[in-house]
There are 2 protein chains.
Amino acid sequence: MAGDIPDIVIGRLPIYLRALTHMAAEGESLTTSSHDLGRRLGISSAQIRKDLSHFGEFGKQGTGYNINYLFEQLRQILHLDQEWPVVLVGAGSIGHALAYYQGFKHRGFEIRWIFDNDPSKIGQDMNGMIVQDMSILAELIVDEGVQVAILAVPAAAAQQNTDLLVKAGIRSILSYAPINLAVPPEVHVRYTDPVVQLQRMTYYLD
Amino acid sequence: MAGDIPDIVIGRLPIYLRALTHMAAEGESLTTSSHDLGRRLGISSAQIRKDLSHFGEFGKQGTGYNINYLFEQLRQILHLDQEWPVVLVGAGSIGHALAYYQGFKHRGFEIRWIFDNDPSKIGQDMNGMIVQDMSILAELIVDEGVQVAILAVPAAAAQQNTDLLVKAGIRSILSYAPINLAVPPEVHVRYTDPVVQLQRMTYYLD
DNA sequence: TAGATTGTTAATCGATTAACAATC
DNA sequence: TAGATTGTTAATCGATTAACAATC
């Protein structure tokens, strides 16, 4: 059942979740509709209804969706009704920004450990965490059962670090390295490369 | 002609460009093939050939594509045969990481100006640039003809800053704020939200 | 030449949208 | 009730893939 839901649908759920958070915070209404949500996100109302229909019936004809209820349902669908501990690999400037980023709180994730192989960084404090030596990374992942990693190392080191993470049992990797990573099919990787995003837009510029 | 090329195709070109850079750096061969490129990127060879065929004929039957030639062609298609000056709005930890990020160099972009509205940050040096007051942002964009902006401000300030950027003439925005921005159709926006990326993957975790 | 690979066409596959009965 | 909006079906739209003639 779950396996046949298109990944592109899964990819929109966090966007819906985020919009619902804002709506709840605004507190203008207890309910929303597919039309209202779609207008905010630039998505058709039909698509939103179709997406949600993969998982159940969350709305009421005539009134739409209860914001808090739909929010909770999406949280459960995405397995965010628990906090995922995250290991951060790389204590450079990107790693630093991530270590101090407040946005993980209350959205299902917490960076708990930071690793680097640079002796000048090891032992440093970053937002209450001590940068640890890569040599004990695999052991920690196994012992703590960590499944989620953020990779913020230079491109040249990314694949070898990925192999290490995968071997230790990591199943989801968010990579900031500007390179495509090879992983086995059961491991999910998402990429963040600001330059790729910018390059995609300059096509439309003169 | 250009207008009818799907945006999803445009979105893959920077990925191809990045892979070609690595291939050129490795220097193992002067040529590649759609099959070779596809294997590296997890994309079918047919799709790569189809994508490229929107823009011209860059290969040779029997031998494939000259890496440097294809690289140059893609650079031109994406308008990266010039350096785009970028204005960075927000000098917090994300802004700081971006200001010091070396990855923009040689990939078509340079952050030239940093703005913030926090008096404690204004005047600070960041990688050779002085953080400037938001009050002179619009004037600078107009005077310098800046078209590309990176937005790294809190969600609460993102829409009002976007409105300011758009009004001043910015046409491409890369936003790190975890919120959907409303912009006129001629302005392109891309988003980077690490939490959204992570949330998309936890669906597949137990 | 023989083998390899392109560019392109047609077929397939999948995603989005329009429309509407059901019903709150 | 009348108006609004859901969930779903069928139609449309668009993207991917398979296949192959052309040709290096």
Starting from [atom2] on [N], measure out to [atom1] on [X] and report it in whole angstrom.
| X | N | atom1 | atom2 | answer |
| --- | --- | --- | --- | --- |
| A:Leu37 | D:dT5 | CG | P | 13 Å |
| A:Arg39 | D:dT5 | CZ | P | 11 Å |
| B:Glu57 | D:dC24 | CD | P | 11 Å |
| B:Gln61 | C:dG3 | CD | C1' | 13 Å |
| A:Asp4 | C:dA15 | CG | P | 11 Å |
| A:Ile8 | D:dA15 | CD1 | C1' | 10 Å |
| A:Arg12 | C:dA15 | CZ | C1' | 8 Å |
| A:His54 | D:dT8 | NE2 | P | 10 Å |

How are the rings of B:Tyr203 and A:His79 set to each other: parallel, tilted or perpendicular (split at 30° and 60°)?
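Ring orientation of B:Tyr203 relative to A:His79: parallel.
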
Students often mix this up, so state it plainly: with edges at 30° and 60°, are the rings of B:His96 and B:Tyr100 parallel, tilted or perpendicular?
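Rings of B:His96 and B:Tyr100: tilted, 30 to 60°.
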
Shortest side-chain distance from [X], nucleotide among [options]:
| X | options | answer |
| --- | --- | --- |
| A:Arg49 | C:dA15, D:dT16, D:dT8 | D:dT8 |
| A:Lys50 | C:dT17, C:dG7, D:dT6 | C:dT17 |
| B:Pro6 | C:dG7, D:dA15, D:dT6 | D:dA15 |

Just to be sure I understand the rule, does A:Ser45 reach a base, reach only the sugar-phosphate, or reach nothing, if contact means heavy atoms closer than 4.0 Å?
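Contact class for A:Ser45: none.
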
Please state whether the phosphate of [N], meaning OP1 or OP2, lies under 4.0 angstrom from any side-chain nitrogen or oxygen of [X].
| X | N | answer |
| --- | --- | --- |
| B:Tyr65 | C:dG7 | yes |
| B:Ser34 | C:dT5 | no |
| A:Thr63 | C:dC24 | no |

Do NZ/NE/NH1/NH2 and the carboxylate oxygens of A:Asp206 and B:Arg171 come within less than 4.0 Å?
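Yes, A:Asp206 and B:Arg171 are salt-bridged.
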
Need to verify one output field. Residue with the more 5' nearest nucleotide on DNA chain C, A:Ala46 or A:Gly62?
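In this pair, the answer is A:Ala46.
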
So what's C:dA19 paired with, Watson-Crick or G-U wobble, going by both distances under 3.5 Å?
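When the pairing criteria are applied, D:dT8 turns out to be the nucleotide that pairs with C:dA19.
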
In the structure shown, which nucleotide is the Watson-Crick or G-U wobble counterpart of D:dC24, with both distances under 3.5 Å?
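Paired with D:dC24, as far as the under-3.5 Å criterion goes, is C:dG3.
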
Under a plain distance cut-off of 3.5 Å, with no hydrogens placed, do B:Glu72 and B:Asn68 share a side-chain donor-acceptor pair?
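No, no side-chain donor-acceptor contact under 3.5 Å.
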
Take B:Val196 and B:Tyr191 through the side chain to side chain contact (heavy atoms under 4.5 Å, CB included) test and state the conclusion after the steps.
CA-CA 10 Å; B:Val196 162; B:Tyr191 299 94; over 6 Å; no

